[in-house]
There are 2 protein chains.
Amino acid sequence: MPIPEPVEDDLARVGGVVGLTRLLPDRETLALRSQQFHALSDPVRLKILLLLAVQPLCVCVIREVVAVADSRLSYHLNVLKKADLIAGVAQGNWIIYSLTPEGERFAAALVG
Amino acid sequence: MPIPEPVEDDLARVGGVVGLTRLLPDRETLALRSQQFHALSDPVRLKILLLLAVQPLCVCVIREVVAVADSRLSYHLNVLKKADLIAGVAQGNWIIYSLTPEGERFAAALVG
DNA sequence: GGGCTATTTCAAGATAGTATGAAATGGATA
DNA sequence: TATCCATTTCATACTATCTTGAAATAGCCC
């Protein structure tokens, strides 16, 4: 395979195509990361993450701020939950959501 | 609207629902960020970003490592390009892709 | 110019993600 | 128990994203 020279020189230094391939994370890690990024690929979910970065909130408050239908909000909360970015604990009739450690990491990167 | 007490106390401190709403970025910023996250929500694109974090590469080398069809690779490169995470410069018959500053930011966050 | 190569573009179908409203769940209160 | 309220679940329609193979583009070399 012919390769442009400036690329070829550096490529040799990292062990060629084989060397590059070895630098990549395994399939599971890539799947996990892409799931996390997917969870943040929507403005509604991004808002939720940023809100929970301020403080834990019940669904009722989140709904007021984000202004979407109940079922839609629930759907997006679930996407974030499945990506392990947020978690909810029942408190009487309410559910209070907060960021997981992973969620904190992303929120911090997003703000900073 | 009734609110669970532990939430209500903190909520008052940040200015209630109105205060929370003001903390959120504007629509364009949210759209930009969600586009960036979407661009990274796929294992193939994640691989590409990580590869380009090592060094600039032509499509031919990326294809070897990622092992997908030409048109499919081109599609994913374009998603990353539209999100302004990578950029390509033609070099003779090749196109050499590298990370943009934004792409570097994400790659660094991903590795660290 | 003619042929070769790297990469992109296009159109089509296949798949995945999202919105919506109605119904279900489950805790609280009386 | 009956009722109310916050939230989720479900079914369905809709929309966006992805894959595939074939064709197009554009630079290089003879």
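Sequence lines set the chain letters: A, B, ... in the order given, protein chains first and strands last, and positions in each chain run from 1. Only this structure's heavy atoms are used, side chains among them; waters, hydrogens and symmetry mates stay out.
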Looking at B:E28, I'd like to know if its CD atom is crowded, meaning that more than 12 non-hydrogen atoms belonging to other residues, nucleotides or ligands lie closer than 6.0 Å. yes

Fill in: Donor-acceptor under 3.5 Å (A:R45 side chain, A:L40 main chain)
no

Please check if the side chain of B:T21 supplies one atom and the backbone of B:V17 the other of a donor-acceptor pair under 3.5 Å.
yes

In whole angstroms, the gap separating C1' of C:dT8 from CH2 of B:W94 amounts to 17 Å

Quiz prompt | Phosphate OP1/OP2 of C:dG17: any A:H76 side-chain N/O under 4.0 Å | solution = no

The nucleotide from C:dG26, D:dG27, C:dT7 with an atom nearest the side chain of B:N93 is D:dG27

Would you say B:H38 places a side-chain N or O within less than 4.0 Å of OP1 or OP2 belonging to D:dC18?
yes

Between CG of A:L73 and P of C:dT18 the distance, given in whole Å, is 14 Å

Worksheet item: Are the side chain of A:Q55 and the backbone N or O of B:L11 linked by a donor-acceptor pair below 3.5 Å?
Response: yes

A:Y75 OH to D:dA6 P, in whole Å, measures 25 Å

Taken to the nearest whole Å, CZ/B:R72 to P/C:dT15 is 13 Å

### Short side-chain N/O contact to C:dA6 OP1/OP2 from B:Y97, under 4.0 Å
no

Atom CD1 of B:I95 and atom P of D:dC28 are separated, to the nearest Å, by 12 Å

Taken to the nearest whole Å, CG/A:D42 to P/D:dA16 is 13 Å

| query | Between B:R45 and D:dC18, is there a side-chain N or O to OP1/OP2 distance below 4.0 Å? | reply | yes

To the nearest angstrom, the CD-C1' distance between B:E64 and C:dA6 comes to 13 Å

Judged by nearest nucleotide, the residue sitting upstream toward the 5' end of DNA chain D, A:S71 or B:P2, is B:P2

To the nearest angstrom, the CZ-C1' distance between A:R63 and D:dT8 comes to 12 Å

Using modelled atom types and a 3.5 Å cut-off, is there a donor and acceptor pairing between side-chain atoms of B:S74 and backbone atoms of B:S71? no

